[in-house]
Protein chains: 2
Amino acid sequence: MTTPTGDQALIKRINTAIVLESILRGAPLSRAQISERTGLNKATVSSLVQDLIDGSLVLETGPGESSGGRKPVMLEFIASAGHAIGIDLGVNYIRGVLMDLQGGIGKELTSSLRSTDPDFVFKELCTIIDKLIASAPSCPYGIVGIGVGVPGLVDGSGSVLFAPNLKWRDVPLERQLSDHYGIPVTIDNEANAGALGEQKHGAGRSIANLVYVSVGIGIGTGLILHKSLYKGTSGFSGEMGHLSVEAHGKPCSCGNRGCWEMYASEQSLLEKAETMGYRDLEQLLLAAEQGKPEVLELFRGIGEYLGIGIANIVNVFNPDAVIIGNRMSQAREWVEGELRQTVIKRAIGFHLRNVQLLFAELGERSAMMGAGEMAISGFFNRLKST
Amino acid sequence: MTTPTGDQALIKRINTAIVLESILRGAPLSRAQISERTGLNKATVSSLVQDLIDGSLVLETGPGESSGGRKPVMLEFIASAGHAIGIDLGVNYIRGVLMDLQGGIGKELTSSLRSTDPDFVFKELCTIIDKLIASAPSCPYGIVGIGVGVPGLVDGSGSVLFAPNLKWRDVPLERQLSDHYGIPVTIDNEANAGALGEQKHGAGRSIANLVYVSVGIGIGTGLILHKSLYKGTSGFSGEMGHLSVEAHGKPCSCGNRGCWEMYASEQSLLEKAETMGYRDLEQLLLAAEQGKPEVLELFRGIGEYLGIGIANIVNVFNPDAVIIGNRMSQAREWVEGELRQTVIKRAIGFHLRNVQLLFAELGERSAMMGAGEMAISGFFNRLKST
DNA sequence: TTAGTTTGTCTATCCAATAAACTAAGTTTT
DNA sequence: AAAACTTAGTTTATTGGATAGACAAACTAA
């Protein structure tokens, strides 16, 4: 209820975070360099660095180059001081990864899912997680958290409110997992996870404001503003797949009409392709490769509608980049041209000026790695508040 | 470049802001009450309050009620310690107001604009502002700032990049005004100003997350998230009037097709009404009053398209409220029914659950008062950083 | 009157950041 | 190689916040 007040501990937390941050960004770094870069006094830096060393987060790695004086002692972040687990829960698969605190990848596992029953899925999740935990080297902070990306609507407390493709409703996955493992668990939408993954390790590295458009069966979107995930006001993210782009178009299961994902998703592509005798995206990609004109035309259509929705997104959020991810990113070659032209035609010039249109670099691993990043950033946030 | 580091001055600024905030919210308040509410030590509160009193921001207003002990000395914020000017610059009018630091209204002026030439408008603005300044009582902080709402796209430095209805391009209004008056000037879009006005003094009082939809000649939107204005990443706000709701609809001057404002603005209403012999909104409102069925049908159509766009907004931002303002709010009686039904039909249930659909309470004064609030919050922000 | 309560101030203490002096350990100049 | 200079990092004394607890002032209730 009361706003947290300021005291000396707050100062120390702030400055410790600044020091740690600068080591994370610029390692290897000496105390003197940190002092210069942050503006903190040398003595202050020395004292805070000592705390970080005592806390097993920073290591002295030996002398550095001198430029005419005493050699500096270089400092590095100990990435392996803790490990996080990232999980991408799909409709018919689970992908999991063990990451160190800098996102370095350890063991990676995939398994297919025969059922989407919540209890069954929970057991499968535990199997994967157990194996990943077992593969982690022992370290001061152990497993610092588990992050999970799910294909559905997630509320602020980590409950999956609604996941049509899993046929889930109100599954309190975060509570279940954290009860079972006794460590912090973060659950979020697959698109949010993907956005974070691409922002940290993929096409969006170091871009502050981006929109990740996950084009799979449906369309999900993840929004990163000022380098952090934007969650809707009640904790769930904007479902831009359900922006209506054809006010009187096809009715959607969400109740609205003409939703974007009715025109630009894999599902919509497959519906059109069915009469031509194609059954999945892989077949269509193959046919496109072979230059089948009717298939190329199909992809152009998807590209156009992707562009229509992306132009809307650009006009509303004016991001630095839009990244197209998930399964449809494989069709880059066949959709990109039409997509770019449509966006250029339709987006407002002011907003268009600086926006980059990119495709996911991490491919199928965006969401999984993003989920791991959620767990890692949870760990750092907890550090800051203690 | 370097993140501001933490020091004792920062603590003091934080805690002073907390104390001031609690007086602003709960006055009259005693030192003891502030200590209890904020969690700050009594001595700390005493010391900070003394600084505020020395700074002419707070006043001891005499003894309060005792509950069996020494009577408390009650404290109040001195609203008249400074004054701000709020301006709503319209296409054919200027509205201006003098406000105290709590938004209390002093002198109010309106004048009509015969030309939209930037130099001419600047002179007219100065005339109004001069009169308002002259009407301000003398006070410790004087005129703390000028806020202006304009019907166009404004960048982070307060330049009007593009205002089609004023026929303006790249007018550095903020610089011009602040050079002329030597006090801080804030320029923003009319819809952003309106959003702030309604959030502080109108239908959105104390609502943390709201979208203000300004329906006039065009459609503008102002977004308030966590009680403060959300600016797009480059400093200008989302132009949701140019969300495309009919992918292959009418071409819009912005380059896109089927923009929302082509279907739900005053302009679009008038275009349809022209063949029926109506020339402005006032005539149409009169005809609706008389029950003319073809006019009622027109308004229902506007209501439906407003609902279509608002459903999109609700799905993306999941706000606590949507407020319809500007000229079309006068047509509430004729559009509200269809609008509500359309939103209920189209918005995703989860998001619909808590959203309120409201109409502006401040009428034509939303933007003007919001502009004043921009200036006031500028003053408080400067206080916090010194 | 007397006891108890509440308000607000005063005092001693704590703690983080800092400047400046200082030690340590190098490089460059002569 | 000695002297002069540079740079890194630590030590010391000081500053300026917040705080707990003691305290005086001012009130109520019995």
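Order of the sequence lines fixes the chain letters, A, B, ..., with proteins taken first and strands second; residue numbering starts at 1 for each chain. All values derive from a computational prediction rather than experimental measurement.
For Arg31(B) and dC10(C), the CZ to C1' distance is 14 Å, given to the nearest whole Å. Rounded to a whole Å, the CG atom of Leu40(A) is 9 Å from the C1' atom of dA17(C). One can place CG of Asn15(B) at 17 Å from P of dG16(D), the figure rounded to the nearest angstrom. In this structure, Gln33(B) atom CD and dT7(C) atom P are separated by 7 Å, rounded to whole Å. Regarding Lys12(B), its NZ atom lies at a distance of 16 Å from the P atom of dT15(D), rounded to whole Å. Remark: C1' of dC15(C) and CG of Leu48(A) are 13 Å apart, rounded to the nearest angstrom. One atom, CD of Gln8(A), and another, P of dT19(D), lie 10 Å apart when rounded to the nearest Å. Between the CG atom of Asp7(B) and the P atom of dA19(C) there is a distance of 10 Å, rounded to whole Å.
Ser30(A) comes within contact range of the sugar-phosphate backbone alone, with a heavy-atom separation under 4.0 Å but no base atom that close. Using a 4.0 Å heavy-atom criterion, one finds that Val45(B) contacts no nucleic acid atom at all.
Under the 30°/60° scheme for interplanar angles, the aromatic rings of Phe379(A) and Tyr141(A) are found to stand perpendicular.
When the options Val45(B), Thr38(B), Leu40(B) are evaluated for a side chain to side chain contact (heavy atoms under 4.5 Å, CB included) with Asn15(B), the one that passes is Leu40(B).
Between Glu361(B) and Arg205(B) a salt bridge is recorded (basic side-chain N to carboxylate O distance below 4.0 Å). Glu60(A) and Arg31(A) are joined by a salt bridge, as a carboxylate oxygen and a charged side-chain nitrogen come within less than 4.0 angstrom of each other.
When all heavy atoms of Pro28(A) and Glu76(A) are compared, the closest pair comes out as CB-OE2, 3.9 Å.
The closest side-chain donor-acceptor pair between Glu373(B) and His201(B) falls under 3.5 angstrom.
Nucleotide dA20(C) forms a pair with dT11(D), judged by Watson-Crick or G-U wobble geometry with both contacts under 3.5 Å.
With dT19(D), dT10(D), dG9(D) as the choices, the nucleotide that has an atom nearest any side-chain atom of Ser46(A) turns out to be dT10(D).
In this structure, Phe317(B) has its ring center closer than 6.0 angstrom to the ring center of Phe317(A).
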Every protein N/O lying under 3.5 Å from an N/O of nucleotides 20-30 of chain D:
{"unit_1": "dA20(D)", "atom_1": "OP2", "unit_2": "Asn41(B)", "atom_2": "ND2", "d": "2.9"}
{"unit_1": "dA20(D)", "atom_1": "N7", "unit_2": "Asn41(B)", "atom_2": "ND2", "d": "3.1"}
{"unit_1": "dA26(D)", "atom_1": "N3", "unit_2": "Arg70(B)", "atom_2": "N", "d": "3.3"}

